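These notes concern the structure reproduced below.
Since the model is a prediction, treat every value here as computed from it, not as a measurement.
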Amino acid sequence: MILLTTGKTFAQTCRVSIGTTHQGHASFMEVYEYDYVTDKPSYPGGDCQLMQFINETRKYPEKAYQAGVQGRVTCSFIVNANGTVSHIKVIKSVEESLNQEAIRILSQMPTWNPGRVDGRPVPVRVIRSIPFRR
């Protein structure tokens, strides 16, 4: 965790693992934390539209539904400076088929309004839960 000062704003950043290099070394990306940016990234149309998108896109895995598996899959993802979503990771699991469905939903999201620090678009780590209820 790093505390950056950019002009008049203090913004907390963190390193997010983005895989490995072709030489097998861990690769990281420096991103801003959601609560520490001047303007938070936002889904087009706001949180109500985000929930509508999730509800319309979600396909409850049949076996999990029949078995009564339910809960919230919590994921982190990066909203890049251009608004695209990347580096989706499950941070609180429910069951593998629900985890995979949450990743599928998040990977289909449209471009967000990017987060900003002092008016400049920056990559921001966002954490959201995808609910699965019978």
Side-chain angles (χ1 to χ4, degrees):
M1 175 173 56
I2 300 170
L3 194 61
L4 295 178
T5 179
T6 58
K8 58 187 178 277
T9 305
F10 286 96
Q12 185 172 326
T13 64
C14 65
R15 288 176 20 155
V16 174
S17 173
I18 59 171
T20 56
T21 66
H22 62 280
Q23 295 100 358
H25 300 282
S27 183
F28 297 91
M29 176 180 181
E30 194 80 22
V31 299
Y32 288 82
E33 291 286 3
Y34 182 84
D35 289 334
Y36 293 92
V37 293
T38 310
D39 299 312
K40 296 173 182 2
S42 61
Y43 185 84
D47 285 343
C48 287
Q49 289 298 312
L50 174 59
M51 284 311 299
Q52 182 176 340
F53 172 81
I54 290 169
N55 290 334
E56 290 174 354
T57 308
R58 180 181 44 228
K59 296 176 186 162
Y60 212 121
E62 185 65 30
K63 286 183 181 178
Y65 184 82
Q66 295 299 328
V69 177
Q70 56 185 5
R72 292 179 168 270
V73 177
T74 303
C75 296
S76 70
F77 56 92
I78 306 301
V79 174
N80 296 294
N82 65 2
T84 59
V85 172
S86 66
H87 302 91
I88 302 165
K89 292 190 170 56
V90 173
I91 58 176
K92 184 175 180 259
S93 175
V94 173
E95 187 270 337
E96 188 57 29
S97 68
L98 299 186
N99 297 347
Q100 291 304 313
E101 179 60 8
I103 291 169
R104 187 190 71 78
I105 292 166
L106 295 174
S107 69
Q108 292 185 358
M109 287 191 297
T111 301
W112 284 47
N113 301 311
R116 296 178 181 278
V117 171
D118 294 334
R120 178 177 53 93
V122 295
V124 178
R125 180 172 67 160
V126 177
I127 297 174
R128 289 283 191 261
S129 294
I130 306 297
F132 293 89
R133 291 184 288 273
R134 288 189 55 187

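Contact record, Gln70 with Arg133: OE1-CA, 3.6 Å, taken as the closest heavy-atom pair. In this structure, Asn80 and Ser86 approach most closely via the heavy-atom pair ND2-OG, 3.0 Å. When all heavy atoms of Pro41 and Val126 are compared, the closest pair comes out as CG-CG2, 3.8 Å. Pairing each heavy atom of Pro121 with each of Ala81, the nearest pair is CB-O, 3.4 Å. The shortest non-hydrogen separation linking Thr38 to Asp118 is OG1-N, 3.2 Å. Glu95 and Ala64 make their closest contact through OE1-CB, 4.0 Å (heavy atoms, listed as atom of the first residue, atom of the second, distance).
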Report the C-alpha distance between Arg125 and Glu33 in whole Å, list the side-chain angles of each, state the deciding distance to 0.1 Å, and finish with yes or no for salt bridge (Lys or Arg N to Asp or Glu O under 4.0 Å). CA-CA 5 Å; Arg125 180 172 67 160; Glu33 291 286 3; 2.8 Å; yes
Might you work through the side chain to side chain contact (heavy atoms under 4.5 Å, CB included) test for Ile78 and Val124, ending with a clear yes or no? CA-CA 6 Å; Ile78 306 301; Val124 178; over 6 Å; no
Should Leu98 and Glu101 be marked as a side chain to side chain contact (heavy atoms under 4.5 Å, CB included) after you check the CA-CA gap, both sets of side-chain angles, and the distance that decides it? CA-CA 5 Å; Leu98 299 186; Glu101 179 60 8; 5.6 Å; no
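Between Leu50 and Arg128, some side-chain heavy-atom pair lies under the 4.5 Å cut-off. In this structure, Pro123 and Glu30 have side chains that are not in contact, with every pair of non-hydrogen atoms separated by 4.5 Å or more. Within the 4.5 Å cutoff, the side chain of Phe132 has heavy atoms near those of the Arg58 side chain. Inter-residue side-chain proximity for Lys63 and Val69 is flagged as unmet; no heavy-atom pair is nearer than 4.5 Å. Val90 is listed as a side-chain neighbour of Ile103, based on a closest heavy-atom distance under 4.5 Å. Side-chain contact between Ser129 and Val73 is absent, with no heavy atoms from C-beta onward closer than 4.5 Å. Within the 4.5 Å cutoff, side-chain heavy atoms of Ile54 are placed close to those of Ile130. Considering only heavy atoms from C-beta on, Pro61 stays 4.5 Å or farther from Gln66 through its side chain.
Taking the ring centre of Tyr32 as origin, the terminal cationic atom of Arg116 falls outside the region bounded by 6.0 Å and 45° from the ring axis. For the pair Lys89 and Phe77, the cation does not sit on the ring face, since its NZ or CZ is not both under 6.0 Å from the ring centre and inside 45° of the axis. Under the 6.0 Å distance and 45° angle rule, Arg134 counts as a cation-pi partner of Tyr65.
To the nearest 0.5 Å, atom CD of residue Gln100 and atom OG of residue Ser107 are 10.0 Å apart. To the nearest 0.5 Å, atom OG of residue Ser76 and atom CD1 of residue Ile91 are 5.0 Å apart.
Salt bridge absent: Arg120 and Asp39 never bring a charged side-chain N and a carboxylate O closer than 4.0 Å.
Counted by atom type alone, Thr111 and Thr84 present zero donor-acceptor pairs between their side chains at under 3.5 Å.
In the hydrophobic clustering of ILVMFWY residues, with side-chain heavy atoms under 4.5 Å counting as a link, Ile127 and Val85 come out apart.
In this structure, Tyr43 and Phe53 have tilted ring planes: the angle between them lies in the 30° to 60° band.
One N or O on the side chain of Arg104 and one on the backbone of Thr57 form a donor-acceptor pair closer than 3.5 Å.
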